[in-house]
A.B. asks: 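The structure under discussion is supplied below as structure tokens; questions concerning it will follow.
Here is the naming used below: chain letters follow the sequence lines, and residue numbers restart at 1 for every chain. For the numbers below, each heavy atom of this structure counts, side chains included, while hydrogens, waters and symmetry mates do not. Note that the coordinates shown come from a computational prediction; the quantities given were computed from them, not determined experimentally.
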4 protein chains.
Amino acid sequence: MPRTEEQFKEMRNKTSRSILNSALKLFAEKGFHGTSISDIAKEAEISKGLIYNYFNSKNSILESIFDELLRIGEEIEKDTFADDDPYEQLQRMIKRSFKYVEEDPTYWKLIVNLMLQPEILKQTKIVFNNFNDRVMKEMVGIFRKIGIQNAPLEARILGGMIDGVFLHYLFDMEGYPLERVKKMMLKKYSRDNLEELKNQK
Amino acid sequence: MPRTEEQFKEMRNKTSRSILNSALKLFAEKGFHGTSISDIAKEAEISKGLIYNYFNSKNSILESIFDELLRIGEEIEKDTFADDDPYEQLQRMIKRSFKYVEEDPTYWKLIVNLMLQPEILKQTKIVFNNFNDRVMKEMVGIFRKIGIQNAPLEARILGGMIDGVFLHYLFDMEGYPLERVKKMMLKKYSRDNLEELKNQK
Amino acid sequence: MPRTEEQFKEMRNKTSRSILNSALKLFAEKGFHGTSISDIAKEAEISKGLIYNYFNSKNSILESIFDELLRIGEEIEKDTFADDDPYEQLQRMIKRSFKYVEEDPTYWKLIVNLMLQPEILKQTKIVFNNFNDRVMKEMVGIFRKIGIQNAPLEARILGGMIDGVFLHYLFDMEGYPLERVKKMMLKKYSRDNLEELKNQK
Amino acid sequence: MPRTEEQFKEMRNKTSRSILNSALKLFAEKGFHGTSISDIAKEAEISKGLIYNYFNSKNSILESIFDELLRIGEEIEKDTFADDDPYEQLQRMIKRSFKYVEEDPTYWKLIVNLMLQPEILKQTKIVFNNFNDRVMKEMVGIFRKIGIQNAPLEARILGGMIDGVFLHYLFDMEGYPLERVKKMMLKKYSRDNLEELKNQK
DNA sequence: CATGAATGAGGTTTCATTCAT
DNA sequence: GATGAATGAAACCTCATTCAT
């Protein structure tokens, strides 16, 4: 689903950016069906009609956002799993994940929303499950290099832990001790602790 | 001759259950705003109009479901934290959580949906955050009894892990190795492993 | 529109009376379209279904009430214009009209309602205008016998005066000095005053 | 190029007027509950949806009309009771009332409809009874200045007479001799006749 | 005779989309 | 590019009427 050059230029246009940002925020907050074109227009401070100069439909706004989400995800992935010693990779992956959520919880929120209601956008499930699988495989690779038994399950658990912590954070952004949990997780997956983990049968 | 009181009650019960079940399923799958009264009627195999014989509005259907969710949650909680040795409690809590999601993923799905779009039902955030806090406190208590350092953060991590695993499970119910992940988690939080955890600084 | 014997018996049946009374009250108060079958059933303290054992439709309830209204009107008319000296007739007509409205403002209210919204019941306009015309003619006859000039217009004015006073009374039943207005009108149309009226050019 | 502010304003004015006029007519003719939004749209020759671009609800259309009614009523009142000799005032009041009903029977019809079914619009009763009271007081003042005994009752009777005549006129607009009745009333309340009235005990 | 559950047409309202300017 | 009025389908909801018991 790569966009044409044309479309990409549009994406950089101020108005269409504003539409996308507004839509992203509202879709994440109130859901796709709970957000009207009017809402988006109001949030972006433009007229309803103008939206249709940039997008064919409400659905296609979502598709554009989705594509963007994907690009971002891929960048992070590339960035994270650049070759390295596996201990370092793990630390970096955790740090990046937290950074990503802290900086833009909205993105993450929208993704979970879409995953939970896959009828909205057919591509969602396939594309994101593919993405997850890829990430899982890389994590498995890391755990294997480190020499941890049961690498696939450990990957599932780490993956779950990260996303679960984020979920709880989204549920209560003011009350959640995100920073301290991050530190704790980094320690849990530090070189020293992993060495011990290896020795557990 | 009119039906007896009994007969009427039973009819009402049956239809009302059918509506609630259909709505639960659809709300969980397609979201509240993505589900129409027509959808619910079709799923329950009744006429649209009849729904309003039982509920005042689409919203009040959701409220009824919400109340039910709450009752279930409280039962599980009571059941789980009956006094016991803390190791056992932890194991039981994990087992129960998995059982709960395995048996009715729909409930859990709806809850996450609601938590992510709290505008839909005002009560959601307060009520569920209260519930979470209570559970967290109980988990902290358990970790403390066991003698684990940093009990609050460990509770956050365990809580996140559980919900994150469930989230991933919901994203891909066929492909996810739920059973094996459960075993793994039970082992991670077994008496032996926790004793070691205590010895980590 | 005379009813069959059968129907008349039904009318005397307790349940159908109760339905008619409830409907009359509600139609008068909230209008035909503003009153639901449920409302009527509640007011009559019976089930919705039972209404259809006695009447074919909501419309036919109104028709029955209408017929009754008509019968009552005719009785009053007969009673009022029994031959007599015209001065006495006039006094009696005024008295009876007031008595009628005081005793059952509801009837009168419903009639005005129906006359203002003749689409509801096709017969209304024709039937009541006929009725009015008849009454007018009798009043004209009376005024003529008395020897009043411009009898038709005087009849219009007296007729208007009576109905207008009733209208105002219905608008504010507690605040309206109905009794005193009645006395005043009786005096205005007393033998002495009418004699003077005759002498006005 | 977007339309100018001016153009939009004019469009809105035109459509809004059209909706209000259509609604007024239909509410008066068929009652509030007897008129559907579809009816109004058809009468105004626009789509159903557009109505909600101008009014929040069917009820708020009625409220707008009601406000207008009130403004008109107040203008007439002010206009009528400008200071003057009382005989002249009386004549003017009667003339204005007739003019008002002749020119727009619809307004008057709607008011009576609303007064008879006050559940539809809470304000109706209070507001119009206040209005009536004010008019009554002014009429009483006039009668007093003229020196008529029992001014309050005479005011009730004149008020009733006017509204009753209008009521009958509305019941049968083609057949009613409105013009002649008006003349008659003006004569009845002419200086000469009132002088005689004063002499009646 | 009596009940109230159930239906379906139609009413009110919302909203994605189109269009004239 | 930009506006917001206008449309029409579809959403939510009400209610007269039917029906099994």
A.B. asks: Would you indicate, yes or no, if F:dG1 has its OP1 or OP2 atom less than 4.0 angstrom from a side-chain nitrogen or oxygen of A:Thr15?
C.D. replies: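 No, outside the criterion.
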A.B. asks: If I compare all heavy atoms of D:Thr124 with all of D:Leu121, which pair ends up nearest, and what's the gap?
C.D. replies: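 Distance-wise, the nearest heavy atoms are OG1-O, 2.7 Å.
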A.B. asks: Counting just side-chain N and O atoms, does D:Tyr54 come under 4.0 Å of either OP1 or OP2 of F:dA5?
C.D. replies: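 False: D:Tyr54 side-chain N/O out of range (4.0 Å or more) of F:dA5 OP1/OP2.
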A.B. asks: Could you state the CD-C1' distance from B:Glu6 to E:dT3, rounded to the nearest angstrom?
C.D. replies: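 So the CD-C1' distance, B:Glu6 to E:dT3, works out to 15 Å.
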A.B. asks: Give the intermediate values and the outcome of side chain to side chain contact (heavy atoms under 4.5 Å, CB included) for residues B:Ile61 and B:Tyr54.
C.D. replies: CA-CA 9 Å; B:Ile61 301 178; B:Tyr54 291 85; over 6 Å; no
A.B. asks: Separation of D:Asp39 atom CG from E:dT12 atom C1', in whole Å?
C.D. replies: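 Computing the D:Asp39:CG to E:dT12:C1' distance gives 12 Å.
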A.B. asks: May I have the distance from C:Ile51 (atom CD1) to F:dC15 (atom P), rounded to whole angstrom?
C.D. replies: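 Whole-Å distance recorded here is 14 Å.
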A.B. asks: Could you tell me the separation between the CD1 atom of B:Ile19 and the C1' atom of F:dC12, rounded to a whole number of Å?
C.D. replies: 15 Å
A.B. asks: Consider the side chain of D:Met11, meaning its heavy atoms from C-beta on, and name the nucleotide among F:dC13, E:dT13, F:dA5 that approaches it most closely.
C.D. replies: F:dA5
A.B. asks: Just to be sure I understand the rule, does D:Thr35 reach a base, reach only the sugar-phosphate, or reach nothing, if contact means heavy atoms closer than 4.0 Å?
C.D. replies: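 It contacts sugar-phosphate atoms only.
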A.B. asks: Can you measure A:Lys14 atom NZ to F:dA2 atom C1' for me and round it to whole angstrom units?
C.D. replies: 13 Å
A.B. asks: Of D:Arg12 and C:Lys48, whose nearest nucleotide on DNA chain F comes first from the 5' end?
C.D. replies: D:Arg12
A.B. asks: Examine F:dA16: is either OP1 or OP2 under 4.0 Å from a nitrogen or oxygen in the side chain of C:Lys58? Give yes or no.
C.D. replies: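 Yes, because at least one side-chain N or O of C:Lys58 sits under 4.0 Å from OP1 or OP2 of F:dA16.
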A.B. asks: Of the nucleotides E:dC15, E:dG4, F:dA6, which one has an atom closest to the side chain of A:Ser36?
C.D. replies: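 Output: E:dC15.
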A.B. asks: Give a yes or no on whether the backbone of C:Ser60 and the side-chain of C:Ser57 come within a donor-acceptor separation of less than 3.5 Å.
C.D. replies: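 A pair under 3.5 Å: yes.
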A.B. asks: Do D:Arg12 and D:Glu5 meet the salt-bridge criterion of a basic N to acidic O distance under 4.0 Å?
C.D. replies: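 No, this pair does not count.
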A.B. asks: How close or far is atom P of F:dT7 from atom NZ of D:Lys42, stated in whole angstroms?
C.D. replies: 14 Å
A.B. asks: In whole angstroms, how far is the P atom of F:dC12 from the CG atom of B:Leu62?
C.D. replies: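 After rounding, the gap between these two atoms is 13 Å.
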A.B. asks: Would you mind classifying the nucleic acid contact of B:Thr4 as base, sugar-phosphate or nothing, using non-hydrogen atoms under 4.0 angstrom?
C.D. replies: nothing
A.B. asks: What's the closest nucleotide to the C:Leu50 side chain, out of F:dA2, E:dA2, E:dG10?
C.D. replies: E:dA2
A.B. asks: Which nucleotide wins on minimum distance to the side chain of A:Ile37, given the candidates E:dT17, F:dT21, F:dT3?
C.D. replies: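 Nucleotide nearest to A:Ile37's side chain: E:dT17.
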A.B. asks: Roughly, in whole Å, what's the span from CD in B:Glu5 to P in E:dA2?
C.D. replies: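 Distance, rounded to whole Å: 17 Å.
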A.B. asks: Quick one: are D:Glu29 and C:Gln117 in side-chain contact, heavy atoms under 4.5 Å?
C.D. replies: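 When only atoms from C-beta onward are counted, C:Gln117 and D:Glu29 do not touch, as no gap falls below 4.5 Å.
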A.B. asks: Is it the case that the ring center of C:Phe27 lies less than 6.0 angstrom away from the ring center of C:Phe66?
C.D. replies: no
A.B. asks: Between the base of F:dA20 and the side chain of B:Arg3, is there a donor and acceptor pair under 3.5 angstrom?
C.D. replies: yes
A.B. asks: With a 4.0 Å cut-off, would you call B:Glu10 and B:Arg17 a salt bridge?
C.D. replies: no
A.B. asks: Specify the closest pair of heavy atoms between A:Lys58 and A:Thr35, including all atoms of both residues, with the distance to one decimal.
C.D. replies: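 The answer is NZ-O, 2.7 Å.
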A.B. asks: So if I take every side-chain heavy atom of C:Tyr52 and compare against F:dA2, F:dA16, E:dT17, which nucleotide ends up nearest?
C.D. replies: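 Nearest to the side chain of C:Tyr52 among the choices is F:dA16.
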A.B. asks: If you pin B:Ser38 and C:Phe32 to their nearest nucleotides in DNA chain F, which one's is more 5'?
C.D. replies: B:Ser38
A.B. asks: Considering only F:dT7, E:dT7, E:dG4, which nucleotide approaches the side chain of D:Ser47 most closely?
C.D. replies: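 Given the options F:dT7, E:dT7, E:dG4, the side chain of D:Ser47 is closest to F:dT7.
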A.B. asks: Could you say whether B:Lys9 or B:Gly49 is positioned toward the 5' end of DNA chain E, judged by the nucleotide with the nearest heavy atom to each?
C.D. replies: B:Lys9
A.B. asks: Given Watson-Crick or G-U pairs with both distances under 3.5 Å, what dot-bracket string fits DNA chain E, with | for other-strand pairs and [ ] for crossing?
C.D. replies: .||||||||||||||||||||
